[in-house]
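Sequence lines set the chain letters: A, B, ... in the order given, protein chains first and strands last, and positions in each chain run from 1. Computed from a predicted structure; not experimentally measured.
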Amino acid sequence: MSQLELQNNTSTERKTWFADVILPVPIPKMFTYRVPMEFNDIACIGARVIVQFGHRKILTGVIGRLHETPPAKYEAKYLLELLDEEPVIQPLQINLLQWIADYYMCTLGEVLNMALPSGLKLSSESKVQLHPHFDYYESELDFNEKETAIIEALLKDEVLSYGDISKLINQKTIYSLIKSLVYKGAVLLFEEVKEKYKPKKETRIRLSQALADDKKELESLFESIEKKPKQEAILLHYLQEVPVFNHPEKNKEGIEKSSFTQADLSTSSLKTLVKNGILEEFQVIISRFDSYDAALKEVTLTDIQQQAKDEIMSSFQEKDISLLHGITGSGKTEIYISLIQEALQGESQVLYLLPEIALTTQIVSRLRKIFGDKMGVYHSKFSDNERVEVWKGVLSGKYQFVIGVRSAVFLPFDNLGLIIVDEEHESSYKQYDPAPRYNARDVSFVIAREHHAKVLLGSATPSIESQYHAQNGKYGLIQLNKRYGSGELPDFKVADMVRQKNKKLLKGEFSTELIEAINQALSLKEQVIVFQNRRGYSPYLMCQECGWVPKCENCAVSLTYHQYKSELRCHYCGYKEQVPSACEACGSTNMKTIGFGTEKLEEELSLLFPDIKVQRMDLDTTRKKNSYDTIIKDFENGNIDILVGTQMVSKGLDFDNVNLVGIFDIDRMLHFPDFRSYERTFQLSTQVSGRAGRREKKGKVIIQSRDTEQPILSQIITHNYNAFYKNELAERSLYGYPPFTRLINVVIKNKEAQLAKTAAIKLANLLKEQLGAQRVLGPEEPLISRIRNEYLMEVVIKLERSKINLTKVKNIIQEMALEVLQEKGLKTSRIIFDVDPY
DNA sequence: AGCACGCCGACT
DNA sequence: GTCGGCGTGCTC
């Protein structure tokens, strides 16, 4: 190095950088670390780092801010490691994460935790190993029994985790024990940090390049190898796949190693050829996803669709959000496709959100044909590694277009032009547990604002709030009232269950109307869908003698009876137990199942129609990765005659041979104690009804109800969204519910019922003082007052939409919660916020 | 959220 | 004594 350079390097004033790091901990702030000199030039916002946090924890975080201000009150630790030279999350996204944390009243760490696919997070675990300079057999130190046990285990296994040791000596707290071993110089503590994401690799084989480049060499090789037929066969197989003689440049890529075994060629001869340097083995990183042709086809829109599209485009001229209200089967998807193509041609990215149950193979493969490899799919049934690949594909620009579920809003886009939120009204866009309790639909508005992108909401049954905003001109509104092709609305019939019961016409819980309709459909070789939004066999078991009902031991709910596994299960905490043979209260064996779940319907239908195939589709039958597709395929192929299911059967599926849909128990949905129960019933009923009669034939829907006169039934039957909307809006206005107010649910949890109650009362009083009593409801015991052995109390905050400084109000609420938690004895409570609950 | 530390009761 | 339970405070 020359004198000058040396001087430059030493005399240049190097700045000391500090990184504010977002860590996946529920503490509402970033943590400041010092950037080591060697990372000064490469540390960037959005890169992952490894840091020491607390005494014995190592965490991965993301740099949220870089600055030069040393913290005043403490000495910042150094970053241990910089994992990325390029951001894994876009700097723009840091703002989004912060917005979500603020709006949904949780911590940045919780948001980050949700946003990053777990494959990009690193796990770390404290491990113990023997000190390299320690020799147990030579040591003169005294070790007690437990210490000896640990040392001997380490001599055998070399590395043990805390959990291993705890199990080994059967003791929960082992820290002091380890500390003494460290002090004695017997063991070392270290942190093992594992990168979870592993690229998928493929082993390939090629000819050594020297041979490929030299025809003569290659020819003489063949001559020399003639006596070894197995090796010769391998070489011939290779030359068959790769024409090295004429195209030596093609040798570089080689062929898959597995192709040799598939062709039944000898593995050991292959090994020999590699060993002798004739062939070479090498590895390449490959995608976990199959590759597809990007056969960008033009979709042809009908005049009506084209008109709707034009309306959307012109509405986007003025408004950032538009609502496409198009009835089921009106061909919204084609409009989406056309809009997506246009956005992609304009070089901007597109995000297409669908609720979990609507993101089916049907829709994905349809879009795949059009968008090919440009399209990424982000789904919860994907593995961690696959999700990381989609994430990286968005970063690298490979995926310009992503179709995904709720969590896809966190993907690292940097240039979105369009976000489509299909089935906008779906409650599954709202995450309920754990934090962040965000609504992907509403988050997409914020993303769009940052990217100057447009949002298109789509629904056949828009949520009351979206329709309201559209009617008020806050969003654009585009109506699509015609069914695609010649499809017509189905015929509806309401079966009067009370009358039927009195006349003893019911078969089980099936009305004659439904039974007859099923019979008729079956005789025409048509398929049937029966909808019941309750999984399991029956919601509970009851002793016929004394009325005893088996309850969950951790939650205040009755246990659902699941017949096929013969167990009672809690749908809240997952607790399971064997079905009791006798009543635990009175000893009677006369236990009866009460109520109907999909499982019981499946059984009853099988009994009523013994010769036909009944299949159930719910959470329990679709847990495995492909089971959902299998059921759908079976149904499409006609191997299933009656499909019984929960709301899973209501979405995104087109079956040509279904003309009858039965809604088994609409009252249960309607009387759910929640201000959205009518809305949800209208939406679900309309959606399932849409499964009936898609082509030439007029479909038929039979709704079983005990109250045939309720007005909502006629709104469903006549498809009268506007009547329903007007009615519902009036109710919401009267009782002060959204869209006229914003709600924040505050849940107070404590292992002790009394403490939960005290804390809740205290908090409610403070809030009433601060916000005005009329804005605070409760505290009340929620419907389910105990979950996982924690007692719950609920306070609801209602805020009118105008003249309220939301940020300020939320700050006050946080402060009051903190105040309650500072009180002696109440510290054990946990306070959870659910903003805009669904 | 973890995790350590300190204080207290229970048990070999 | 020591173990484990619980309450409390802290994490750059």
Side-chain angles (χ1 to χ4, degrees), chain A residues 16-36 39 43 48-82 101 105-114 116 118 121-128 144-147 149 161-163 165-180 182-183 189 191 433-437 749-752 754-755 758-759 788-790 817-833:
Chain A
T16 310
W17 286 96
F18 291 89
D20 288 354
V21 177
I22 309 173
L23 292 173
V25 287
I27 305 164
K29 56 177 171 188
M30 298 198 219
F31 292 85
T32 308
Y33 287 84
R34 252 185 97 159
V35 180
F39 300 148
R48 290 173 306 156
V49 291
I50 296 180
V51 296
Q52 174 91 43
F53 185 69
H55 289 272
R56 38 172 291 238
K57 242 192 321 189
I58 297 224
L59 297 174
T60 340
V62 165
I63 299 179
R65 212 165 76 85
L66 283 166
H67 56 90
E68 294 169 56
T69 329
K73 292 185 184 142
Y74 54 87
E75 188 76 14
K77 289 181 182 169
Y78 277 98
L79 297 176
L80 296 182
E81 198 69 66
L82 179 70
M105 302 176 80
C106 62
T107 67
L108 248 186
E110 286 168 318
V111 186
L112 179 73
N113 217 9
M114 182 58 54
L116 274 189
S118 52
K121 296 177 219 164
L122 300 171
S123 63
S124 113
E125 202 180 6
S126 296
K127 303 263 183 171
V128 179
N144 65 32
E145 205 182 308
K146 285 172 179 168
E147 290 173 337
S161 72
Y162 265 67
I165 294 173
S166 171
K167 247 185 264 162
L168 181 77
I169 57 171
N170 201 13
Q171 182 179 314
K172 278 192 183 160
T173 54
I174 53 165
Y175 187 65
S176 50
L177 204 70
I178 305 284
K179 213 157 64 176
S180 110
V182 172
Y183 182 73
L189 277 172
E191 298 288 330
D433 211 39
R437 296 173 175 77
K749 295 189 182 178
N750 200 299
K751 291 238 187 293
E752 297 293 326
Q754 194 48 52
L755 288 179
T758 319
R788 292 170 207 270
N789 278 325
E790 277 191 307
L818 233 56
E819 198 174 319
V820 170
L821 291 177
Q822 246 135 50
E823 191 117 339
K824 268 236 174 292
L826 298 181
K827 289 190 163 101
T828 50
S829 299
R830 293 192 299 135
I831 299 179
I832 285 153
F833 304 104

Between dT11(C) (C1') and Lys73(A) (NZ): distance, integer Å
15 Å
Between CD of Gln52(A) and P of dG2(B) the distance, given in whole Å, is 16 Å
Heavy atoms of Leu821(A) and Ser829(A) approach each other most closely as CD2-O, 3.3 Å
For Leu755(A) and dC6(C), what is the distance between atoms CG and P respectively, to the nearest whole Å?
13 Å
What are the two closest heavy atoms between Phe833(A) and Ala817(A), and how far apart are they?
CZ-CB, 3.8 Å
Shorter than 3.5 Å, N or O on both sides, protein versus nucleotides 7-9 of chain C: list them out with atom names.
{"from": "dT8(C)", "atom 1": "OP1", "to": "Lys824(A)", "atom 2": "NZ", "distance (Å)": "3.2"}

Taking CG from Asn113(A) and P from dG2(B), how many angstroms apart are they, rounded to a whole number?
10 Å
Between Lys749(A) (NZ) and dA1(B) (P), how many Å, whole number?
9 Å
Closest approach of Ala19(A) to Leu66(A) (non-hydrogen atoms, all atoms of both residues)
CB-CD2, 3.8 Å
Of all residues at least two apart in sequence or in a different chain, which pass the side chain to side chain donor-acceptor pair (under 3.5 Å) check with Arg788(A)?
none
Plane angle bin for His67(A) and Phe18(A) - parallel if under 30°, tilted between 30 and 60°, otherwise perpendicular
parallel
If you take any heavy atom closer than 4.0 Å to DNA chain B, which residues from residues 19-35 of chain A end up in contact?
Pro26(A), Ile27(A)
Find the distance Phe53(A):CZ to dC10(C):P and express it as a whole number of Å.
13 Å
When every non-hydrogen atom of Gly64(A) is compared with those of Met30(A), the smallest separation belongs to CA-SD, 4.1 Å
note: Asn750(A), atom CG; dC6(C), atom C1'; distance rounded to Å ~ 13 Å
Could you check how far CG of Leu112(A) sits from C1' of dA1(B), rounded to whole Å?
15 Å
What closest approach, in Å, do Val820(A) and Leu826(A) show between heavy atoms, and which atom pair accounts for it?
O-CB, 3.6 Å
Residue pair Ile832(A) / Arg437(A), side-chain heavy-atom distance below 4.5 Å:
yes
Check: Val21(A) and Phe53(A) side chains under 4.5 Å, non-hydrogen atoms:
no
